[in-house]
Each structure stands twice: as structure tokens, then as C-alpha cells.
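Hydrogens, waters and symmetry mates play no part in the numbers below; they use all other heavy atoms, side chains included.
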Amino acid sequence: MGDFHRAYLGSAFVAGVLVTVALTEIYYRSKPQSAAPTTATEDVTAANSQDDKKLLGSVRHGPPAIVEGVEGCIGNTPLFRIKSLSDETGCEILAKAEFLNGAGGSPKDRVALSMIQTAEKEGSLRPHSGDVIYEGTSGSTGISLATLARARGYLAHICMPSDQAMEKSDMLLKLGAVVDRVPPAPIVEQGNFVNRARNLAQARTASNNSPADKSSAASASQLTSTDPTSEAGVVTGRGFFTDQFENVANYAAHFNGTGPEIYAQCGGKLDAFVAGAGTGGTISGVALFLKPRLPDIKVVLADPQGSGLFNRVRYGVMFDIKEREGTRRRPQVDTIVEGIGINRQTANFEAGREFIDDAIRVTDAQAIAMARWLVEKDGIFVGSSSAVNCFAAVKTALELGPGHRVVTILTDSGTRHLSKFWAMAGDVGGTVDTKLEDVLNVKSDI
């Protein structure tokens, strides 16, 4: 064949390929697209509503981008497989590493930011105006609020029960917060840490807004005795009580963040979600997001001893056997576990209670045994509430049977619990070989 014919045939072949590609492109562009996604990622992003698309679109993929301030380090925490518990149960037990939130190192970062941003939108907080954020907290919310208050132009005044680990109040002081450690008391008493925070916020606002009369002077005196944000007896700026137990911006943070992240990270495939409840924001917010999308998912409350929420879920009443008169060892909730467990209803817990399917009671001894197991088997060093969550996750996995996927929350590092929870848990020896059945069957001797 001559060179001319070879060149002609080659050109014709190339032209044919180009025409075919062009026609194929035109065909697929004009063809209606199938509603059924072909991959797990597409399954996540092809949500049923614009709201779903917006929420799921906020989940980062790949290396994180440059973010604005410490606030940008909140959320999109890793979800990882706890190897030992997964291998032992035959289920995939996944942990949402909320202790890696980049402001206060707990899921309360999400809540604190949500409450502050909501207050700013509503005009209740104004940056760099002298406004002070008040909260009653067992520690983690206070740490998140103190951190974000500094980042956004406020100061924080934190009231907390005096029986909480000293590491928490020490950290708050280093962050520049005013700290009141008050004796534990029931919520019906004005001396309760939550009520004290509310009253101080109201007194500050009244002193800032009222003319200089006897009542405002008394309020100012109450504040200036402990609050360095006032000068020469004059209070500047308002007080804002974040009210984490009743403020619905709490559970909204988890509905808008934690829930969509878990759903996206799991490709929309999970069988159970297990979490404890203090304010109730985490379990309610995640449940409210997941249940409508995964109707068969089992949402389980992990509740420490002495808390009434177990019976609230199981039987519809808020009561615990340890609440009988004369039987409690501690004034508030009879447990060494901090951050979860409560004996009253909150707006945040009630918001999602109908979506909580079951509750598992976890004793102090079981929490300690699980915390030691996680260090021994996985090198995971977490606090008391995370240990409660993991124990309940194992119980849930065993009930479901092999082949299921269970997600739980690791809330904060064990470094916040050295003087109390881990002091009782003790050191983990280098040659121990604990069996999971030993953890599950541990007897309470605390």
C-alpha cells in the first residue's frame, strides 16, 4: 500500500474516533441521569433534599483546607475502627474521635461555637464590647467556651461543681476564665452551679443596663468581688448565660455537624449509634439526623450508675434506685463518671428522646475496666464518659450479632481525668492480658 493510502486511512481512523467521542458525549449529556448512585460516596451526596445536600456538603474530603482561626479546627473529626473491640465482637465498632476537635478538645467545641454564633446573630453577644459568657458546667463545655470566648472577643465566667477533677478548673484558669467551684447541689437550689451562672449573668446585665442605684450597686458588688472584667466597681458589658442544658443551639450543632459527618463517613451504612447524655445534645442531634434517613438504625443511650436517664428511656420515668433517700454517696449523681448522667429532663435530651430505642446501664467498675482495656489493647487513652460509651457499644454489638456496624463517641482525653477517674483506675501493667469477658463481667467494688 502506498504512503498516500496509509496516510489517508490513518486520518480517516482518527477522524472516526473523534466523531464517535463527540457523539457519545452528546448522547450522555442529553440522556436523563439515573437517580440511583453507583458508589457509596455518591449515595451520601445524592441526599433526598436540598438541606441534606447542604449539610453533607459541609463534610470535608481529603486534606483539610486552610481555615479561619481556631474555630475552623472544629468538626470533621476522624471516625476510626477500634481494632480490639471489633475483632472480639465480630462487629465493626467505630469511634468518632471528638477529642480531636481543635479548640477545647471535646464535642463541646461544636456546642460552644453554635451557642456563641447563635447569640451573636440574635444580638445577645457583641465581640470586644466587654460582654462576658457565663455557664454552669462539669468542665468540658467551660473549656470550650473559655477558648472560643478568647478567640471571638469575650471573657468567660465558669461555675462548676467542686467535686470535678482539678485538671479542668486548672485549665480554665490558664485560659483566663473566672472559675467558681461550688458545692454540688440539686438544680432546685440557688446554690446549684447552673443556677449560680444564670444569676451572675443576669446581675451583670442588670448592672450594665440600670442607672446607678442601690440595687444595681449591689449587683455590681456581687460581680466585682470575683470578676476581674470590672474596673473601680463599675461593670462594663453584659452577661450572657449560654444555658447549655436548655439552649437548642446545643443539639443543633450535632444535627448540623456530627450527624452528617457520621453518615458521610459511613457511606450511609450503619446499624447502631451509641452515646451518653449530660445535656443530651449529642445523642438527640445525631439521632434526629440519622433516624429519618436510616429508619432501622438502633440509637442506644449509654448511662452511668446513679443517672435517671436509663429509666427515662426504658420506662418513661426519671428515677434511679440510688436516688432513694439516704442511699446516695454523692450529692448530685452517684458515679465517678464525669460529663454524662443527670437526674432531670432537659430540652436538648427531650428533643430527640423519641428516637432513642434503648438504654444500657454502665457501672463505675465497668467503665474503669473498659478504660484500662482500651489502653492495654489499642493505646487509646480516654476519659470516663468515653469508657462508658465503649462499654455500651460492645453490649450493643453483642446483642446485634456479628457483621453489624456500631458507631460511638470518644469525647475527651484521659489527661482531664488523672486526679479522679484514672487515679481510681490505676496504672495499666505492661504484661497484662485482659479478656473481654473479664471487662463485661467485672463486679462493682467501688
Side-chain angles (χ1 to χ4, degrees), residues 77-99 106-107 254 258-259 261-263 265-266 269-278 280 282-287 290-291 294 296-305 307 309-310 313-314 337 339-341 355-412 414 434-442:
T77 54
L79 184 70
F80 70 94
R81 181 177 181 268
I82 301 181
K83 294 181 289 186
S84 67
L85 299 181
S86 298
D87 294 343
E88 289 284 339
T89 61
C91 287
E92 193 173 36
I93 297 183
L94 306 178
K96 185 75 166 151
E98 287 294 279
F99 61 88
S106 82
H254 297 289
T258 318
E261 289 172 26
I262 290 172
Y263 187 76
Q265 289 166 318
C266 289
K269 298 176 182 177
L270 63 156
D271 301 294
F273 174 71
V274 180
T282 301
I283 195 168
S284 285
V286 173
L290 292 180
K291 271 284 189 178
L294 300 168
D296 294 330
I297 191 175
K298 187 172 185 179
V299 178
V300 180
L301 171 73
D303 208 35
Q305 65 183 54
S307 171
L309 295 179
F310 173 86
V313 171
R314 281 283 186 93
V337 174
I340 58 174
F355 293 115
I356 302 174
D357 302 293
D358 199 7
I360 293 175
R361 171 83 77 210
V362 182
T363 68
D364 286 348
Q366 290 167 337
I368 285 175
M370 177 55 70
R372 291 173 59 88
W373 167 280
L374 291 171
V375 170
E376 177 189 339
K377 305 296 184 181
D378 298 276
I380 298 172
F381 183 55
V382 290
S384 55
S385 59
S386 299
V388 170
N389 287 346
C390 287
F391 188 94
V394 169
K395 297 283 282 188
T396 301
L398 293 173
E399 181 179 327
L400 291 175
H404 292 87
R405 176 180 282 175
V406 179
V407 175
T408 192
I409 302 288
L410 298 185
T411 56
D412 60 2
T434 308
K435 308 301 181 188
L436 186 59
E437 63 186 44
D438 297 332
V439 176
L440 296 173
N441 298 324
V442 65

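- In this structure, R314 CZ and D358 CG are separated by 4.5 Å, a value rounded to the nearest 0.5 Å.
- Under the salt bridge (charged side-chain N to carboxylate O under 4.0 Å, His left out) criterion, D271 pairs with no residue at all, not counting sequence neighbours.
- Scanning all heavy atoms of the two residues, the minimum distance from Q265 to T77 falls at NE2-O, 2.9 Å.
- A distance-only check finds a donor-acceptor pair linking the side chain of R361 to the backbone of S307 [under 3.5 Å].
- Sequence neighbours left out, the pairs with a member in residues 79-91 that pass salt bridge (charged side-chain N to carboxylate O under 4.0 Å, His left out) are R81-D87.
- Judged purely by distance below 3.5 Å, without hydrogens or angles, the side chains of S106 and T411 never pair a donor atom with an acceptor atom.
- Side chain of R405 to main chain of C266: a donor-acceptor pair is present (N/O by atom type, distance under 3.5 Å, no hydrogens or angles).
- Scored by the salt bridge (charged side-chain N to carboxylate O under 4.0 Å, His left out) test, D357 finds K291 as partners (sequence neighbours excluded).
- At a threshold of 4.5 Å between non-hydrogen side-chain atoms, the residues T258 and P107 do not count as touching.
- For residues 376-400, the salt bridge (charged side-chain N to carboxylate O under 4.0 Å, His left out) pairs, not counting sequence neighbours, are K298-E399, K377-D433.
- Note that NZ of K96 is 11.5 Å distant from OG1 of T282, once rounded to the nearest 0.5 Å.
- Here the CG atom belonging to D412 is positioned 11.0 Å from the CD atom belonging to E98, to the nearest 0.5 angstrom.
- Summarising the geometry, atom CD belonging to E261 is positioned 10.0 Å from atom CG belonging to L79; distances are rounded to the nearest 0.5 Å.
- Distance check, rounded to the nearest 0.5 Å: CD1 of I93 to CD1 of I82 gives 6.5 Å.
- The side-chain contact (heavy atoms from CB on, under 4.5 Å) search around V375 returns F381, W422, V428, not counting sequence neighbours.
- Applying the side-chain contact (heavy atoms from CB on, under 4.5 Å) rule to A302 yields the partners V274, V388, N389, A392; only residues at least two apart in sequence or on another chain are considered.
- Proximity of L290 to L270: side-chain heavy atoms (C-beta onward) are separated by under 4.5 Å at one or more points.
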